[in-house]
Amino acid sequence: LDKDVDAEDHGKVQRSSVRKLCGTNYPVSIAFIVVNEFCERFSYYGMKAVLTLYFIHYLHWDKNLSTAVYHAFSSLCYFTPVLGALIADSWLGKFKTVIYLSIVYVIGHVVKSVGAIPDVGDSTVHVVLSMLGLVLIAFGTGGIKPCVAAFGGDQFDEEHTEERRKFFSIFYMSINAGSVLSTIVTPILRGDVKCFGGDCYALAFGVPAALMVIALVVFIAGSGLYKKSPPEGNVLVCVCKCIGFAIRNRWKNSKKSPKRSHWLEWAEEKYPKRLIQEIQMVFRVLVLYIPLPMFWALFDQQGSRWTLQATRMNMDFVMGVCFCVVKMLNALLILVFIPIFDMGIYPLIGLCRIKLTPLRKMAAGMILAALAFCAATVVEINVIVLLFCLRIFNFCRFINTHTENINITVGTDEFYAAANYGISQNISVPRGEYNGVVCETNSDQYHIDLGLLDFGAFYTVILSKVGDRVQFLMEDIQANDVHIAWQVPQYVFITAGEVMFSITGLEFSYSQAPASMKSVLQAGWLMTVAFGNVIVLIVAEGAGMEQWTEFLLFAGLLVAVSIIFSIMAYFYTYVDPDQLDKIFREDTDDEKMVKTIFSRTQGTLQIQKFFW
């Protein structure tokens with residue numbers, strides 16, 4: 001008993017000696033974790049920003065294959081967290097798992113960068129290196145995802161729950177800050193910097209590799225400040241065996257034995273009560289996760305359906321803001337909304353004496369995401385009404401009234417129109433001002449000014465010669481009148497929903513998980529993202545409906561799911577996993593005390609018997 005008390009006191013000394021930031025309850029160690037996450041997310045999103053272009057322009061794949069490989073890679077990144085969580089909780093611990101898988105991550109980036117160097121092998125070598133690099137990156141980024149967040153939560157003392165909640169908000173801000181910066185920098189490195197006679201993909205992939213090296217170095221630099229929880233052994237195997245034994249035991253003895261409050265209690269004959277309690281805690285949370293993929297099914301359409309919607313709108317600059325900034329609007333708004341919600345909206349709701357529990361926040365986030373798709377539906381209907389058809393670019397054609405064949409160069413596009421009222425092909429050209437367009441016949445060459453060719457319009461240019469050369473520009477179909485700025489409301493709704501849903505879910509997954517399974521439950525949370533993408537593929541490929549109808553369908557489905565989730569949340573009882581330590585420690589102490597008293601009593605009896 002004395003040894004146990006000493007061990008507990010020693011543990012308390014270790015916890016109290018943790019260095020804090022500027023007199024607050026925030027450990028210094030979280031600064032290293034936040035910087036590590038920023039650099040890692042810069043590395044990941046920076047690489048993904050140019051990945052599709054790399055497939056199309058460097059590996060010369062078609063759009064379908066490029067899109068398929070891109071989504072396969074994204075899905076793998078969200079399925080591999082389970083592997084990382086098992087390694088962390090069962091064998092290596094979170095700290096070592098992050099380090100070892102970060103090294104795999106760096107190697108993947110290096111292999112990917114080498115594959116982007118034209119002088120290294122032929123096209124087959126480039127494809128092999130690219131795929132190998134992506135697989136290593138997927139295992140690296142996916143493996144450390146659940147570990148870094150859970151490791152950050154481990155740094156806080158049990159009583160500092162509010163500081164831990166704010167840490168997850170800061171952690172989420174670092175993710176989006178890295179995303180915003182990398183999405184700006186990496187495409188510039190690819191397009192504006194030339195190497196090996198073309199776009200510098202090797203540099204565009206090399207910079208993220210360097211950032212991942214920095215992330216690894218920063219994480220290791222904080223080693224002396226971290227609280228490192230040891231792994232609990234092969235947790236998954238124990239859990240599976242316990243569940244299997246409970247099912248078999250219940251099947252054999254259900255008719256003979258009295259009923260038990262939970263089916264897992266049928267394993268009490270072989271497995272400790274603590275393990276059974278922990279599995280019950282995890283199961284209760286995993287059941288709550290069942291409806292959650294629907295949120296991610298809507299959220300992840302920002303990069304697909306919403307982007308396609310934007311391409312059919314007027315993308316003219318708005319106060320110097322271009323389409324690329326609109327694509328980053330979600331990440332930019334996250335950086336603004338997190339402090340607004342934490343320091344403004346949540347405290348105001350608290351003043352109104354409304355108890356905003358984590359699950360209520362998540363349900364509200366679902367409703368906001370559904371409203372975002374209602375807004376997207378309104379925009380889509382207006383786009384359809386005004387455009388009548390899908391027009392991603394401007395289309396242009398020429399009618400040649402000359403007696404000679406003519407070649408016209410508009411930007412980088414070549415048109416050919418035969419003599420005597422020949423009509424050229426309809427070719428799409430990017431939006432822009434086209435002055436000094438070259439027109440060349442066998443005997444002459446001259447220039448014409450077409451002016452602005454706007455989004456979504458269809459132009460016919462009649463080349464004629466009355467006195468001096470004259471061209472008539474006719475706008476057969478008007479340019480898009482629906483401006484891309486109308487997408488801003490849907491981005492505001494989806495980002496507000498993300499703040500209430502995603503950040504809260506991240507912290508909820510940590511707070512409701514027992515110490516031995518925190519990474520596993522974080523991985524389960526990330527798995528909901530992967531299944532959300534599967535839902536999009538099923539609906540998008542199988543439904544075959546109009547885009548505005550599909551948006552409305554997703555909004556309706558999410559509202560229905562949010563109602564189901566709210567009902568499930570109403571019956572959920574919040575638990576404090578740390579209470580298990582106190583409960584089972586007290587039980588252990590009582591058992592030890594009983595054993596001590598019993599042994600002393602036995603000893604006394606033996607002495608009395610000896611003398612008698």
* To do: Could you check if a side-chain atom of W263 sits within less than 4.5 angstrom of a side-chain atom of I243, using non-hydrogen atoms only?
  => yes

* Asked: Short question: side chain of S511, backbone of F508 - any donor-acceptor pair under 3.5 Å?
  -> yes

* Asked: Can you check whether K355 reaches R360 side chain to side chain, under 4.5 Å on heavy atoms?
  -> yes

* K227 bridged to D157 by N-O distance under 4.0 Å -> yes

* Asked: Got a second to check how far M362's CE is from T357's OG1, nearest 0.5 Å?
  -> 10.0 Å

* Check C242 against L275 and note the closest heavy-atom contact, atom names and distance. => CB-CD2, 4.2 Å

* Check whether the side chains of E37 and S174 place a donor and an acceptor atom closer than 3.5 Å, and report yes or no. => no

* Asked: What do you reckon, are the aromatic ring centroids of Y70 and F55 less than 6.0 Å apart?
  -> no

* List the steps and the verdict of side-chain contact (heavy atoms from CB on, under 4.5 Å) for F42 and V185. => CA-CA 10 Å; F42 184 106; V185 172; 4.2 Å; yes

* To do: Quick one: closest heavy-atom pair of S509 and L521, and the distance?
  => O-CD2, 3.4 Å

* Asked: Do I30 and P27 touch side chain to side chain, with heavy atoms closer than 4.5 Å?
  -> yes

* Do other residues, nucleotides or ligands put more than 12 heavy atoms under 6.0 Å from the OH atom of Y26? -> yes

* Evaluate the side-chain proximity of Q487 to Q302: yes if any heavy-atom separation is below 4.5 Å, no if none is. => no

* **Cation-pi geometry met for K145 and Y78 (6.0 Å, 45°)** => yes

* Asked: Shortest non-hydrogen contact from G84 to T97?
  -> O-CG2, 3.8 Å

* Compute both the distance and the angle, then confirm whether K228 meets the cation-pi test with F151: under 6.0 Å from the six-membered ring centre, within 45 degrees of the axis. => no

* What about the rings of F501 and W525, do their centers lie closer together than 6.0 Å? -> yes

* Step by step, would you call R284 with Q512 a side-chain contact (heavy atoms from CB on, under 4.5 Å)? -> CA-CA 9 Å; R284 281 196 292 268; Q512 297 298 291; over 6 Å; no

* Asked: With a 4.5 Å heavy-atom cut-off, do R41 and S182 have their side chains touching?
  -> no

* Is L332 close to V336 at the side-chain level, that is, under 4.5 Å between some pair of heavy atoms? -> no

* Distance in Å, Y491 OH paired with T495 OG1, rounded so as to fall on 0.5 Å steps -> 8.5 Å

* Structure fact -> Tightest non-hydrogen contact, residues V50 and A204, listed as CG2-CB, 4.2 Å

* Strictly under 6.0 Å, is that where the ring centroids of W306 and F373 end up? -> yes

* Verdict with supporting geometry, M212 and C39, side-chain contact (heavy atoms from CB on, under 4.5 Å) -> CA-CA 6 Å; M212 192 57 222; C39 294; over 6 Å; no

* Considering only heavy atoms from C-beta outward, does the side chain of I276 approach that of K273 to under 4.5 Å? -> no

* **Criterion ring-ring contact (aromatic ring centres under 6.0 Å, His included) on F32 and F219, from CA distance to verdict** => CA-CA 6 Å; F32 293 89; F219 187 77; 9.2 Å; no

* For residues L558 and A369, report the shortest heavy-atom separation together with the two atoms involved. => CD2-CB, 3.5 Å

* Asked: Do any N or O atoms from the side chain of T504 and from the backbone of M500 form a donor-acceptor pair under 3.5 angstrom?
  -> yes

* **Euclidean distance, E278 CD relative to L264 CG, rounded to 0.5 Å** => 12.0 Å

* Run the ring-centre check on F167 versus F156 and record whether the distance is less than 6.0 Å. => yes

* Under 4.5 Å between any side-chain heavy atoms of Y226 and I33, yes or no? -> yes

* **Y574 and Y572 aromatic centres sub-6.0 Å** => yes

* State yes or no: are the ring centers of W296 and F299 separated by less than 6.0 Å? => yes

* Mind checking the CZ-CG spacing from F295 to L368? Nearest 0.5 Å is all I need. => 9.0 Å

* Donor-acceptor contact present, side-chain T80 to main-chain F139, <3.5 Å -> no

* Starting at CD1 of I87, measure out to CD1 of I144 and round the result to the nearest 0.5 Å. => 12.5 Å

* Answer with yes or no whether the side chains of T141 and E40 bring together a donor and an acceptor at under 3.5 Å. => yes

* Kindly say whether A215 contributes a backbone atom to a donor-acceptor pair with the side chain of N36 at under 3.5 angstrom? => yes

* Rounded distance (nearest 0.5 Å) linking atom CD of Q301 with atom CD1 of I494 -> 9.0 Å

* To do: Work out which heavy atom in M366 is nearest to a heavy atom in L292; give both atom names and the distance.
  => CE-CD2, 3.4 Å

* To do: Check the pair K112 / L51 against side-chain contact (heavy atoms from CB on, under 4.5 Å), numbers first and verdict last.
  => CA-CA 11 Å; K112 188 82 181 65; L51 191 58; 3.8 Å; yes

* Asked: So F171 and F168, would you call those rings parallel, tilted or perpendicular, with 30° and 60° as cut-offs?
  -> perpendicular

* K166 bridged to D342 by N-O distance under 4.0 Å -> no

